[in-house]
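What follows is a single structure, written as structure tokens, with notes after it.
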Amino acid sequence: MKAIEIRNKYLNFFKKHGHSVIPSAPLIPENDPSVLFTTAGMQPLVPYLLGEKHPEGTRLTDYQKCVRTNDIDEVGDNRHLTYFEMLGNWSLGDYFKEESISMSFEFLTKELGIPAEKLSVTCFAGDANCPRDDVSAEVWKKVGIPEERIYFYGKDDNWWIAGEEGPCGPDTEMFYDTGKPACSKDCQPSCDCGKYVEIWNNVFMEYFKDKNGYTKLAQRNVDTGLGLERMSMLLQGKETPFDTELFKPIMEKLEQLQKQDYIESRRIVAEHLRSSIMIISDGGRPSNIDRGYVLRRLIRRMIRHLNKLQINLDELSTLIDINVDNLKDMYPELENNRHTIKNVILEEKDKFVKTLTNGEKEFEKEIKKLQETSSNKIVGEVVFRLYDTYGFPPEVTKELASEHGYEVDLKQFDELFKKHQEKSRQGSEQKFKGGLAEQTDETIAYHTATHLLNAALKQIVGKDAHQRGSNITSERMRFDFNCDHKLTDEEKKAVEDLVNQWIKDGLEVTKQEMKKEDALKSGAECMFIEKYPDIVTVYSIGNVSKELCGGPHVSNTNQLGTFKIIKEESSSSGIRRIKAILQKD
Ligand code: SER
């Protein structure tokens, strides 16, 4: 069954059950600068979940365009997507658990024809704020799910809230058994071995959470969400969403055009192109901040992977057409916006090509250096730097090199690349270290910015805002610190401004070795004193920051670019987490 048929069946089914079909809200939330993109069907409906009357009544259904960007770097595997469509139905103080579950079961088994034996469900196990959801479990039994396929989990799995504050409640989730063998005798829906795939989430929203805790809402709501790409994939018996008709034409075209064969790159191009098209069609434009920055990253990452596949960038226009043609039945607005979409993507491509051209200049410099030696080989480190900093595929370096009569050490490049991957992997496993998993110009800059952020938080938030952890990649920094409240917009702005002021001031970064006790006496910051040997290195930045640290750092803060906080969230109780970036251009 094609995605569009699933969507139509869904909307018709809920229409038959008294729901009004409402249009998808735009991907870029109206009047809500606090979120980047619409991430769930309930997001545009929050006022109505809180009690405002919806003009279309108390039963609603829609398809919602969604973008979730936390996992951009995971795209390329067999399941992550940044853009997806969520089918949803809502009760605004109308029906509750019994009717909601019965309708879901009927839709899955009768309309989509999924055998009941393939379904398992999960319910909320209960905690101090909300009792165990035996009501839902009883309804599941009544409709035909045997007890052994009903699981109870805690807040991590069976509680839903968008962010940290707002309407929320226990949920019941439906899982599809793919028929793959169980990974162990304990394999169950919460396991991510791939046997069970979550297909639908019904949230029973009767609570409201704010910083003081949970209160009951004036009305009991239902909010459900079903991921369309995933359902299409399962019903079509495919292993990945990229094998469905949603991506097939573009995947095939990429395969036909490519000169190098990388499945991950084809997926990244197909996925990021679709996402970019949908965002631009809803008014998004590339820029250096917020939404625009996400869009820029999507487009540039796609271009890097087109390069990796060795597909001529002149093909981009055709690739956009293929996507628009493939998706316009589902999203008729794409046809009207085809021109704009093309202009925006091609313009961004040109800008990025310029950046890449700078890479070529770097390449020329390396050649000049080589000409002064007797070597005819470009070392792997240079190939890697061109790849890592300028997005220059090693194959391109090799080709250019051979035009100049040089060889490249691809073997050494591969080793460095593997090492780099391993380090990023360790980084993403969040092992506690100095926070610096890999050393590139970017990560070194982020490291210095981390010290500035640490110092700025002490001035703006309070001297107890001690560092509790940090993690750095070449694309962003993450910093955890003690703090008992969500930072206000004013606080965030003040922290940003202070860090940027210090960057502008061009402060020298200096390094000194001294006895640990002297370092502490001099007021140097340090997270875990026991971790350090008797003689320590202290890094000072002007007179604004002094920390025990292994380095490395930039030599002057004027090398950092513009500091920007992109996220501030809770990390765990009493600890806040900031994600920030340094913008170069
Ligand atoms: N809001 C819930 C989700 O996003 C159900 O729609 O999963």
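Order of listing sets the numbers, starting from 1, for every ligand and every atom in it. Note that the numbering runs from 1 along the sequence shown for the chain.
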- request: Please report the C-alpha distance between E5 and N8 in whole Å, then the side-chain angles of each, then the deciding distance to 0.1 Å, and finally whether the side-chain contact (heavy atoms from CB on, under 4.5 Å) criterion is met.
  value: CA-CA 5 Å; E5 291 169 54; N8 289 338; 5.8 Å; no
- line: To the nearest 0.5 Å, atom CD of Q64 lies from atom CD1 of I22 at 8.0 Å
statement: Expected contact list for ligand 1 at under 4.0 angstrom, heavy-atom basis, is A40, M42, R68, M86, W160, N201, V203, D223, T224, G225
message: Can you confirm whether E147 is buried at CD, in the sense that more than 12 heavy atoms of other residues, nucleotides or ligands lie under 6.0 Å from that atom?
response: no
Y83 six-ring face occupied by R274 cation (under 6.0 Å, within 45°): no
task: Look at the side chain of Q583 and the backbone N and O of K564, then say whether any donor-acceptor pair between them is shorter than 3.5 Å.
output: no
statement: Across all chains, not counting sequence neighbours, the salt bridge (charged side-chain N to carboxylate O under 4.0 Å, His left out) partners of R297 are D73, E475
